[in-house]
There are 2 protein chains.
Amino acid sequence: MPASSSAQPTKERILGAAEELFARHGFEGASLRQLTAAAGVNLAAVNYHFGSKDRLIEEVFRRRLDQLNGRRMAALKDIAGQPGSTIEDVLAAFIVPALELSHDGNGSLFMRVLARAFAEHDDTLRKFLSENYGHVMRQFTAEFARLLPNLSKEELYWRVDLVTGALTHAMSGFGMIQRKSDVTEHKHREQTAQHLIRFAAAGLKSP
Amino acid sequence: MPASSSAQPTKERILGAAEELFARHGFEGASLRQLTAAAGVNLAAVNYHFGSKDRLIEEVFRRRLDQLNGRRMAALKDIAGQPGSTIEDVLAAFIVPALELSHDGNGSLFMRVLARAFAEHDDTLRKFLSENYGHVMRQFTAEFARLLPNLSKEELYWRVDLVTGALTHAMSGFGMIQRKSDVTEHKHREQTAQHLIRFAAAGLKSP
DNA sequence: CTCGGAATCAAACGATCGTTTGAGCATACG
DNA sequence: CGTATGCTCAAACGATCGTTTGATTCCGAG
């Protein structure tokens, strides 16, 4: 049983600080000493609770991706296979849950961590992401294929890859661009989603 | 005067190895010991020729960006302001020079280095890129603005940013996807360019 | 109260990091 | 030839890295 002295248990404090420092300085750039200092816990706590730095990195991913992809799959399930659904609907199911992460503490920082992992072509990390969350992209791709029946397999993959790159880049910047003070955060997120959906839909449907 | 014992002078060997290892392991992930070993030079050579690791990183950028953005600006100059030019022409001026980097030794690896720098929101690096090469993106954006007169400033920035993200992501992967053996490298590059141009043009022109 | 496992702590481990040093080597010039 | 000069080299510098250790504190169960 945990015997936490602070409001948040040690494990959560470490994960929170890790998310922030990994986003800001990268996986190799953020040391466990900075990290534990920022979390206000002892240096040895990381290895005690997670086993190693690499396992901590995996946990940072697992925690957010479970909720992110859970919501993505739930949103996709509502429209997949339905005759009335559109490309824009599928894109919304992919984008909106990601933008909603910014609600959740410093969850918006996680998209920056994800963008980093995207740019790193590190084999270990790619394998981990592919094994644990590959089915999500496969489901979305299948739905795009259904709604774009005229596209060859090769064309489809190209476009999905380009959309993924654009959206990951854009969403990693969300939360850094300051919204005007006269729009609510909800409105701002909605406008951002509309920008991304319109752009991506046009690219996917291009002649 | 250099007294090189090998085919390539020491400075170039270091830059080449740095490009490869920075692409593969990141700036912090690649150590000077790996780097100098890969280049076949002494450990102290980096600090002798470049002063520090940070200055080496800057030189890696400077060498490729000078040629890349030089070609981009030259290609843009041919079509900028011309009444007959199209969005696709401007995109080609941006994309083709980047894909042509793969000609040049391991120049294709540089796009991966660039994508990394993109994902890192490191202030020092961003400032360096902005100060030295910001005028290139500004010129391209101005040309997009001319060809898309109905777009608001805000809309335009959004779309240019999304295009940049998609293209950087895609071009960093170019060279990793293996082309079919029955197409020449020239043909492969041309087809890739066509994919990117069509996708980006559709996104920019979206209603 | 006593005991036992969970959690935290300061301290140290060996390894590796970027950088510096000073000697040694090569070439060019008087 | 003698001597500057540009360059390379092995070795060491202090700092910091991820990880481990062993003692200490904490708290609930018996």
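Predicted model, so just to flag it, every value in this text is computed and none were measured. These values consider heavy atoms only, across backbone and side chains, with no hydrogens, waters or symmetry-generated copies. Chain letters run A, B, ... following the sequence lines, proteins first, then strands; residues in each count from 1.
Distance, B/F50 CZ to D/dG6 C1': 16 Å, rounded to whole Å. As rounded to whole Å, 13 Å separates atom P of C/dT20 from atom CZ of B/R33.
Checking the phosphate oxygens (OP1, OP2) of D/dT8, a side-chain nitrogen or oxygen of B/H49 falls inside 4.0 Å. Between A/N42 and the phosphate of C/dA10, there is a side-chain N or O to OP1/OP2 separation shorter than 4.0 Å. For the pair B/T10 and D/dC7, the criterion of a side-chain N or O lying under 4.0 Å from OP1 or OP2 is not met. For A/S31, no side-chain nitrogen or oxygen approaches OP1 or OP2 of D/dT16 to under 4.0 Å.
A donor-acceptor pair shorter than 3.5 Å can be found between the side chains of A/R146 and A/S85. A donor-acceptor pair shorter than 3.5 Å can be found between the side chains of A/E155 and B/H195. Checked by atom type, the side-chain pair A/S172/A/R116 shows no donor-acceptor distance below 3.5 Å.
When each of D/dT19, C/dG18, D/dG6 is scored by its nearest atom to the side-chain atoms of A/N47, the top-ranked nucleotide is D/dT19. Nearest nucleotide to the A/L43 side chain, out of D/dC7, D/dA12, D/dT19: D/dT19. With distances taken from any side-chain atom of B/A44 to the nucleotides D/dT8, D/dC9, D/dT19, the minimum falls on D/dC9.
Classification of B/R62 and B/E59 as a salt-bridged pair holds, one side-chain N sitting under 4.0 Å from a carboxylate O.
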